[in-house]
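Structure record follows, encoded as structure tokens.
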Amino acid sequence: MPKGQMKNKMQEIPVFRITIEREKLAKDKKGICRIFELLEAHRIPCECIAINIDWLAIIIREAEYGKLSGFLILLRQELSRVNTFIEKDMMLLCMVGEQIKSRDIGMITSSLIMQGVEIKMQRYLQCRDRFMVCVAAAAAVQAKQIVAEIMDGRTEKSGGLLQ
């Protein structure tokens, strides 16, 4: 791919993140299933998810925000001791059709962090060659530039090392 082309191939999707907290949530298989059943019932598609022992974070397109209140009402009725937090003004940068090595992901992650861009969530779906990184909307232009530079430069080698 010619230098500078990656930036044009990245899709920017305005998103928000909902974090659902509950003690030992990841061990509650029925609870996790019910969360996704409720999302499906409200026709709220997820772009990206991350789970920890006590929380589940879901990235959702901004266009779906209006559907969230019904979901939250049922969620709180059906799952006890649940706290939810919504973080808005985020951007999901997506690259589809690019095979990315672990080394590339490490370079992207460390470069974003070292240049002051907080990563809200990232995922690489190898089976679909789809890489996603979520950042604050205010940092999206900078993040897109950083990712593009790394991806465009990954084939340029100097002494066997990526530039």
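Quick caveat, the model's predicted, so the values are computed rather than measured. Excluded from the calculations below are hydrogen atoms, water molecules and symmetry mates; all remaining heavy atoms, backbone and side chain alike, are included.
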Inset, instruction - Give a yes or no on whether the backbone of Glu23 and the side-chain of Asp54 come within a donor-acceptor separation of less than 3.5 Å. - result: no
Legend entry - Any donor-acceptor N/O pair, Tyr124 side chain to Arg130 backbone, under 3.5 Å: no
Taking side chain as C-beta onward, heavy atoms only, is [X] less than 4.5 Å from [Y]?
X      : Y      : result
Pro14  : Met91  : yes
Met121 : Arg17  : yes
Ile108 : Met151 : yes
Ile53  : Lys27  : yes

Inset, instruction - Taking side-chain contact (heavy atoms from CB on, under 4.5 Å) as the test, write out the residues that go with Glu21, two or more places apart. - result: Thr19, Trp55, Asn83, Phe85
Inset, instruction - State which residues pass side-chain contact (heavy atoms from CB on, under 4.5 Å) with Gln115; sequence neighbours excluded, sorted by chain then number. - result: Ser111, Gln142, Ile146
Inset, instruction - Enter the distance from Ile119:CD1 to Cys134:SG here, rounded to the nearest 0.5 Å. - result: 10.5 Å
Would you list the atom pairs, donor with acceptor, under 3.5 Å between side chains in residues 69-81 and any protein atom, with sequence neighbours excluded?
residue	atom	partner	partner atom	Å
Arg76	NH2	Thr84	OG1	2.4
Glu78	OE1	Arg34	NE	2.3
Glu78	OE1	Arg34	NH2	3.2
Glu78	OE2	Arg34	NH2	2.9

Inset, instruction - Taking salt bridge (Lys or Arg N to Asp or Glu O under 4.0 Å) as the test, write out the residues that go with Glu64, two or more places apart. - result: Lys67
Inset, instruction - Would you please name every residue forming a salt bridge (Lys or Arg N to Asp or Glu O under 4.0 Å) with Asp28, sequence neighbours left out? - result: Arg22
Legend entry - Tyr65: partners by ring pair (Phe, Tyr, Trp, His ring centres under 6.0 Å), with sequence neighbours left out: Phe16
Legend entry - Among Leu68, Ile18, Ile44, the one residue meeting side chain to side chain contact (heavy atoms under 4.5 Å, CB included) with Leu39: Ile44
Inset, instruction - Run through Val135, Ile60, Ile59 and flag the one making a side chain to side chain contact (heavy atoms under 4.5 Å, CB included) with Met90. - result: Ile59
